[in-house]
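Please read the structure below before turning to the comments.
Just so it is clear, the values below take in all heavy atoms, side chains as well, and ignore hydrogens, waters and symmetry mates. As the structure is a computational prediction, the values presented were derived from the model and not from experiment. Residue indices begin at 1 and follow the sequence shown.
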Amino acid sequence: MVTPMREGTAPLTRREDYSAPPFWIKTVDLTFDLDAARTLVTSRMTLARNPAVPPQPLKLHGDDLTVLRVMVNGESVSFRHESGLLVIDSMQHIAEGPFALEIRNTCAPEKNTQLSGLYTSNGGLFTQCEAEGFRRISYFLDRPDVMAVYTVTLRANKAAYPVLLSNGNLVSQADLDGGRHQA
């Protein structure tokens, strides 16, 4: 729960206002098609309803993102925007078992001057996700108690971005058509 502060200050989050999220995110498979002007982010997540919380819509945090597609179990679903959230109302009727959620969105790293999320600096692309920076990359339950296993694929123009680095272990790398590469 977030407590509003006076105008111009950040909201205050209090531990005593904590409530468990209605969904748990188990795995996240992120694919970035990197470009300073417009990066395409495809997020494929496995989620499960939290049985300790009454059924409700899925609300994901997002900031300065353009949504291209939202799919649940391979089917397009309707969504709406509400105060910095992407809301999927139909999720309150989904069963407790795991389900797949795919969101494709774009962000503009060169326009991101907050040094949070995905941004540019000295010709490179960088991320800063703590605290609450992931919402500037893709829609997500951007809170510290949502833990997931991540797999990340980075794709970019090899001349512009010769080094592709993400936290974790390098599984593979390859050259792609059109002077691009991936890791």
Side-chain angles (χ1 to χ4, degrees), residues 21 23-48 57-82 84-91 94 97-112 114 116-120 124-130 132-143 146-158 160-183:
F23 297 89
W24 296 114
I25 299 176
K26 304 296 186 179
T27 64
V28 181
D29 182 358
L30 292 171
T31 301
F32 292 83
D33 285 296
L34 295 164
D35 182 84
R38 181 180 180 264
T39 290
L40 173 65
V41 180
T42 303
S43 175
R44 293 177 182 94
M45 298 176 272
T46 303
L47 291 86
L58 176 59
K59 296 180 178 182
L60 303 171
H61 303 98
D63 188 14
D64 286 334
L65 304 174
T66 301
V67 179
L68 304 175
R69 177 173 73 195
V70 178
M71 299 175 72
V72 173
N73 293 330
E75 301 288 327
S76 290
V77 293
S78 60
F79 59 89
R80 61 187 166 88
H81 289 95
E82 175 185 292
L85 298 169
L86 178 96
V87 181
I88 306 171
D89 290 309
S90 60
M91 300 311 296
I94 199 157
F99 62 93
L101 174 65
E102 179 180 315
I103 299 174
R104 293 185 107 197
N105 65 268
T106 60
C107 60
E110 68 185 9
K111 291 182 181 177
N112 180 358
Q114 294 187 17
S116 176
L118 179 62
Y119 61 93
T120 60
L125 290 166
F126 301 91
T127 60
Q128 172 60 41
C129 294
E130 298 295 335
E132 300 182 349
F134 195 75
R135 64 186 66 199
R136 299 184 60 76
I137 296 171
S138 186
Y139 286 94
F140 196 75
L141 287 173
D142 196 7
R143 42 186 285 169
V146 176
M147 306 297 288
V149 175
Y150 286 78
T151 302
V152 178
T153 301
L154 303 173
R155 295 182 187 131
N157 178 291
K158 192 169 185 173
Y161 305 106
V163 177
L164 299 177
L165 178 65
S166 177
N167 280 349
N169 299 316
L170 179 63
V171 175
S172 68
Q173 54 190 358
D175 287 329
L176 304 172
D177 292 336
R180 295 174 51 81
H181 67 141
Q182 75 176 21

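Judged purely by atom type and a 3.5 angstrom limit, Arg136 uses its side chain to pair as donor or acceptor with the backbone of Ser116. Looking only at distances, a side-chain donor or acceptor of Asn112 sits under 3.5 Å from a matching main-chain atom of Leu118. Side chain of Asn105 to main chain of Ile137: a donor-acceptor pair is present (N/O by atom type, distance under 3.5 Å, no hydrogens or angles).
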Side-chain donor-acceptor pairs under 3.5 Å in residues 24-32, sequence neighbours left out?
from: Thr27; atom 1: OG1; to: Thr46; atom 2: OG1; distance (Å): 2.9

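Among all heavy-atom pairs drawn from Val41 and Cys107, the shortest one is CG2-SG, 4.4 Å. Here the closest heavy-atom approach between residue Pro109 and residue Ala36 is recorded as CD-O, 3.2 Å. Taking every heavy atom of both residues into account, Ser43 and Ser138 meet most closely at CB-OG, 3.6 Å. The two residues His181 and Asp175 have their closest heavy-atom pair at CB-OD1, 3.7 Å. Residues Gln128 and Glu130 come closest through the heavy atom pair NE2-O, 2.8 Å. Here the closest heavy-atom approach between residue Ile88 and residue Ser78 is recorded as CG2-O, 3.9 Å.
Distance CG/Leu65 to OG1/Thr39: 11.0 Å, rounded to 0.5 Å. A distance of 6.0 Å separates CD of Gln114 from CG of Asp63, quoted to the nearest 0.5 Å. Atom CG of Leu40 is separated from atom CG of Asp35 by 10.5 Å, given to the nearest 0.5 angstrom. To the nearest 0.5 Å, the span separating CZ on Arg135 from CG on Asp64 amounts to 12.0 Å. Taking CG from Leu165 and CG from Leu154, the interatomic distance works out to 8.0 Å, rounded to the nearest 0.5 Å. We find the CE-CG distance between Met45 and Leu101 to be 4.0 Å, quoted to the nearest 0.5 Å.
With a 4.5 Å cut-off on side-chain heavy atoms, Arg180 and Gln182 do not count as touching. Two residues are said to be in side-chain contact when any heavy atoms from C-beta on lie closer than 4.5 Å; Leu176 and Arg155 meet this criterion. The side-chain heavy atoms of Leu86 and Ile103, taken from C-beta on, include a pair separated by under 4.5 Å.
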Show the numbers, then the answer: is there a side-chain contact (heavy atoms from CB on, under 4.5 Å) between Phe140 and Val146? CA-CA 9 Å; Phe140 196 75; Val146 176; 4.2 Å; yes
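Judged as a ring-ring contact (aromatic ring centres under 6.0 Å, His included), the pairs with a partner in residues 60-79 (not counting sequence neighbours) are, in order, Phe79-His81.
Judged as a ring pair (Phe, Tyr, Trp, His ring centres under 6.0 Å), and not counting sequence neighbours, Tyr161 has no contacts.
More than 12 heavy atoms of other residues, nucleotides or ligands lie within 6.0 Å of CD in Glu82, so this atom counts as buried by the packing criterion.
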